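Here is the structure we will look at.
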There are 2 protein chains.
Amino acid sequence: MTKPPNDTRRPLTLRDVSEASGVSEMTVSRVLRNRGDVSATTRSRVLEAAKQLGYVPNKIAGALASQRVNLVGVIIPSLGNLVFPEVLAGISDGLEGSGLQPVVGVTDYSPEKEESVLYEMLSWRPSGVIIAGLEHSEAARAMLINAGIPVVEIMDADGEGVDSVVGISHRRAGLQMAEAIVTAGYKRIGFLGSKMPEDHRARKRFEGFKEGLAAAGLSIADEEFYGGGSALAKGREMTQTILTRSPDLDFLYYSNDMIGAGGMLWCLDTGYDVPNQIGMAGFNGLRLLDGFSRRLATMDSCRREIGLKAAEIIAGVPHSGMIGGEKLVLEPVLQMGDTIRKV
Amino acid sequence: MTKPPNDTRRPLTLRDVSEASGVSEMTVSRVLRNRGDVSATTRSRVLEAAKQLGYVPNKIAGALASQRVNLVGVIIPSLGNLVFPEVLAGISDGLEGSGLQPVVGVTDYSPEKEESVLYEMLSWRPSGVIIAGLEHSEAARAMLINAGIPVVEIMDADGEGVDSVVGISHRRAGLQMAEAIVTAGYKRIGFLGSKMPEDHRARKRFEGFKEGLAAAGLSIADEEFYGGGSALAKGREMTQTILTRSPDLDFLYYSNDMIGAGGMLWCLDTGYDVPNQIGMAGFNGLRLLDGFSRRLATMDSCRREIGLKAAEIIAGVPHSGMIGGEKLVLEPVLQMGDTIRKV
DNA sequence: GTGAAAGCGCTAACAT
DNA sequence: ATGTTAGCGCTTTCAC
């Protein structure tokens with residue numbers, strides 16, 4: 001394979017391949033897309049020329065002409081949180097074989113940024129959009145409705161979607177965890193979470209959690225919130241802080257596994273008897289934490305499957321018909337781990 | 001903000017805005033792009049009409065006409081490994097304000113997939129490509145050279161690049177770690193890593209490491225490799241395995257911090273005296289691990305800065321001139337942590 | 001099985 | 001400050 005002789009710095013076009021092979025542009029196009037009937041000889045002659053020249057088709061022109069773009073916009077709040085790359089992995093799997101490619105946009109949990117990222121994406125006329133959460137600005141919702149393409153809102157099932165929805169009920173997840181804690185006999189419960197008002201899923205879990213406690217006549221005894229930084233380190237710090245302030249707490253509910261793991265490390269280092277003296281639980285079911293000596297109680301957020309299903313919905317929608325409106329609510333499984341005492 | 005009255009399911013065009021506002025398509029285009037002089041009145045009339053209709057420009061057509069695409073292709077091996085999202089964050093920062101947007105492609109460490117992802121990306125005629133590593137297939141190299149756009153190969157500086165290069169010398173990183181270990185007086189050294197033949201950076205670190213040991217008349221006493229799974233858990237398992245097989249090892253060098261942390265947890269749980277009985281070190285400088293009770297010795301891989309600089313190179317290249325060929329070698333800092341004994 | 005013509009929705013370049 | 005014309009590189013459609 002020698003270096004293609006593209007001396008002129010002008011990108012190669014179909015016409016170049018056409019001239020090099022002595023075949024019309026149209027037929028070259030057919031060969032390169034495996035469309036229509038082309039004789040074996042013409043076919044191989046074209047492929048030879050294309051390879052020889054190092055021709056790379058121009059999808060921009062192709063997309064404009066065909067009104068077809070094999071891209072799926074994926075909009076998520078962050079890449080720093082382990083959870084989202086896993087959703088992406090699921091999406092990537094779900095798109096496998098469909099010819100569609102994900103294009104990722106990150107919002108940093110900012111509604112304004114979400115709006116601009118969405119606008120940017122839609123301007124490339126993707127075949128579909130997968131977007132985290134159900135809460136969007138008015139303008140963003142309008143764009144999603146108006147885009148005329150399948151939209152899947154993922155990760156959250158507590159609310160109304162624009163089109164299709166794939167997620168779990170975070171409210172119910174919080175509620176179920178509260179029930180498990182109450183059943184185990186814990187009474188003085190602390191909550192530790194992030195102070196991101198725009199993390200609606202964390203907020204809903206917290207609300208469901210409080211609701212579950214309330215049903216048993218209990219409420220949050222103390223709470224602690226954090227901003228940026230290494231989640232593990234923050235979990236450690238916050239745990240020390242809250243237990244110093246409220247030494248009588250017998251359970252700590254963390255809004256995610258990373259801070260929960262940090263808290264667990266601190267409790268074990270400090271000599272707490274987990275789960276008898278103090279119980280603890282997180283959220284997400286992060287496999288990352290499998291290597292710890294104790295397994296933190298948690299609840300799987302089904303993120304890989306969510307990505308997979310969302311992608312399948314996009315990939316499965318026929319090019320014209322677009323029915324949509326599916327709502328798929330997955331059921332997370334409570335994993336008791338080693339940090340909730342047996343009843 | 002009422003729902004835009006786009007009754008016909010046909011996407012809106014510039015012409016629609018033109019008709020709605022009574023301004024020529026060309027002037028509408030100018031307004032929407034803030035290009036050229038437009039009177040304040042026409043301007044506001046156009047913006048009003050565009051907003052009213054919910055018009056989203058078609059970048060495909062725009063790109064085709066202007067031969068300008070504000071996209072930067074970013075090709076990385078994986079999203080599951082913490083390291084790459086951090087590089088992405090750096091790229092995202094470096095692109096800030098340039099008007100360029102990253103489009104991410106994942107190769108799963110497969111040269112074939114890298115080739116197809118690259119082909120796919122180039123077919124969108126991006127303004128530049130940032131790609132992990134210096135090792136590519138012949139065809140991939142040819143595409144990169146032939147693309148006629150700035151290319152930045154990142155993360156590795158041990159070798160020749162196609163155009164610009166931003167990275168660290170993994171060989172030197174391994175070598176320096178070996179020197180630190182030798183200096184601390186360790187003699188019986190084990191290596192634990194992944195068995196990914198395509199992870200050239202890990203391979204180079206290992207080679208540099210062995211070279212560093214050799215310079216002191218030492219060599220690897222035992223080694224252990226792993227495949228998939230939770231890295232923390234694997235680090236734990238492998239550490240048990242290698243120390244059972246070779247109980248006389250006094251140092252363990254891990255190819256990354258996650259397996260190193262797993263190993264550290266196991267050693268501490270098992271009652272090893274770290275760092276006196278056994279020392280250990282990883283690689284990457286993961287801040288994620290800040291919450292552990294001991295800090296693992298490690299070496300910063302400068303991944304955020306690598307992303308930042310690579311993006312700046314792409315963003316800084318003038319639209320035509322394309323000089324390129326920069327090579328930026330960053331210097332990782334050795335962090336001794338708590339797992340190498342003081343001399 | 002192959003080719004010619006028209007045009008996708010925009011913007012560069014040139015009017016005015 | 002605004003409008004007109006001619007394409008960008010491909011694919012659709014229709015002809016042969």
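So that the names make sense, note that chain A is the first sequence line, chain B the second, and so on, each numbered from 1. From a predicted model like this one, the values you see are computed outputs, not experimental measurements. Because only heavy atoms are used, hydrogens play no part in the values below, and waters and symmetry mates are left out as well, while side chains stay in.
A salt bridge is absent between A/Arg201 and A/Asp158; no separation between the charged side-chain nitrogens and carboxylate oxygens falls under 4.0 Å.
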Walk me through whether B/Arg33 and B/Ser29 qualify under side-chain hydrogen bond (donor to acceptor under 3.5 Å, both in side chains). CA-CA 6 Å; B/Arg33 285 178 300 143; B/Ser29 169; 2.9 Å; yes
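Between A/Met121 and the options A/Leu71, A/Val104, A/Ile75, A/Ile131, a side-chain contact (heavy atoms from CB on, under 4.5 Å) holds for only A/Ile75. If you run side-chain contact (heavy atoms from CB on, under 4.5 Å) between A/Ile314 and each of A/Ile130, A/Ile91, A/Val129, A/Ile149, only A/Ile130 comes through.
Applying the 4.0 Å criterion to OP1 and OP2 of D/dT2, one finds that B/Thr42 has a side-chain N or O inside that range. Note on A/Ser24: every side-chain N or O is 4.0 Å or more away from OP1 and OP2 of C/dA4.
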Every protein N/O within reach of nucleotides 9-11 of chain D N/O, cut-off under 3.5 Å:
{"from": "D/dG9", "atom 1": "OP1", "to": "B/Gln67", "atom 2": "NE2", "distance (Å)": "3.3"}
{"from": "D/dG9", "atom 1": "N2", "to": "A/Ala61", "atom 2": "O", "distance (Å)": "3.3"}
{"from": "D/dC10", "atom 1": "OP1", "to": "A/Tyr55", "atom 2": "OH", "distance (Å)": "2.5"}
{"from": "D/dC10", "atom 1": "OP1", "to": "A/Asn58", "atom 2": "N", "distance (Å)": "3.4"}
{"from": "D/dC10", "atom 1": "OP2", "to": "A/Leu14", "atom 2": "N", "distance (Å)": "2.7"}
{"from": "D/dT11", "atom 1": "OP1", "to": "A/Arg33", "atom 2": "NE", "distance (Å)": "3.3"}
{"from": "D/dT11", "atom 1": "OP2", "to": "A/Ser29", "atom 2": "OG", "distance (Å)": "2.3"}

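B/Ser110 is not listed as a side-chain neighbour of B/Thr107, based on a closest heavy-atom distance of 4.5 Å or more.
Rounded to whole Å, the distance from CG on B/Asp37 to P on D/dT2 is 9 Å.
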